[in-house]
Amino acid sequence: MSSDITLYTWPTANGIKASITLEELGLPYKTEPIDIGTNIQKEEWFLKINPNGRIPALVDGSQRVFESGSIMLYLADKYDTDRKISYAPGTLEYIEQVSWLMFQIGGIGPMQGQANHFRLVAGVRSDYGIRRYIDETKRLYSVLESRLKESPYLAGSKYTIADIASYTWVRRGPALLEIDLSEFPALKQWVDEIGKRAAVQKGADVPHVDRTNEQTEQFFQSARAKIDRMANSDNH
Ligand SMILES: N[C@@H](CCC(=O)N[C@@H](CS)C(=O)NCC(=O)O)C(=O)O
């Protein structure tokens, strides 16, 4: 099947869900780097592709697709005819796959996103905010842990887009939030295994940004240290 795909993205947890999916499917695509630090994603031309002004977004011929979850479903439904990383619509596993995908989109993404904000980015220090969102992130990880104790992958016996969606967030839990994944052994094993896939490694580097892992970790550490130096601003 032919495709004419342009992916507008940046190598963040949401961005790489789309590039990893494209790499897993072996689909050709063009990448338009959207450095979210410069706010190009709020420009008029980009809002026509994603009215929400965020990455990732994709254009395939005359079709625009925004929201990482809908991009993954679109690519799987249209191009994964061999069912390499998805289950076929109409099957029991398909609904399981969509359920775990929505669990990530509605749970881990927003909660871990807020945890990242309070722990690394906020202009004030809120111990309440940090605790609340890290605790909630860990609670969601424990839901994944329970599932992965009974099933090799989230939707069943096969690695699917549901795994990709949670993987991109969970892999960053330790470096960003100092979450110790050894508390979640099945989840840790799953993260380590998915991280070895060639398509995952390739897709996680789209677009390539010239920064080593050490520099990235150093950047996260300094951001946390900056928050730690502030006085807690919560009213008790
Ligand atoms: N629910 C959206 C969230 C997208 C999102 O929050 N993207 C972030 C990067 S991970 C972004 O574009 N941030 C820049 C901004 O908010 O302006 C999705 O899953 O695609």
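We count ligands from 1, going down the list as the structure has it; atoms in each ligand are counted the same way.
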Check: Arg54 side chain, Glu67 main-chain N or O, donor-acceptor pair, under 3.5 Å:
no
Using a 4.0 Å cut-off on heavy atoms, what residues surround ligand 1? Order them by chain and number.
Thr12, Asn14, Ile36, Gln41, Lys42, Gly53, Arg54, Ile55, Pro56, Glu67, Ser68
Test your reading of the model: is there a side-chain donor-acceptor pair from Asp234 to the backbone of Asp127, 3.5 Å cut-off?
yes
Is a side-chain donor or acceptor of Ser233 paired with a backbone partner of Arg125 at a separation under 3.5 angstrom?
yes
Knowing that exactly one of Ile85, Leu75, Val98 qualifies, which makes a side chain to side chain contact (heavy atoms under 4.5 Å, CB included) with Ile161?
Ile85
Taking Gln201 for its side chain and Gly195 for its backbone only, find out whether a donor-acceptor pair lies under 3.5 Å.
yes
Any side-chain donor paired with an acceptor under 3.5 Å for Trp100 and Gln104?
no
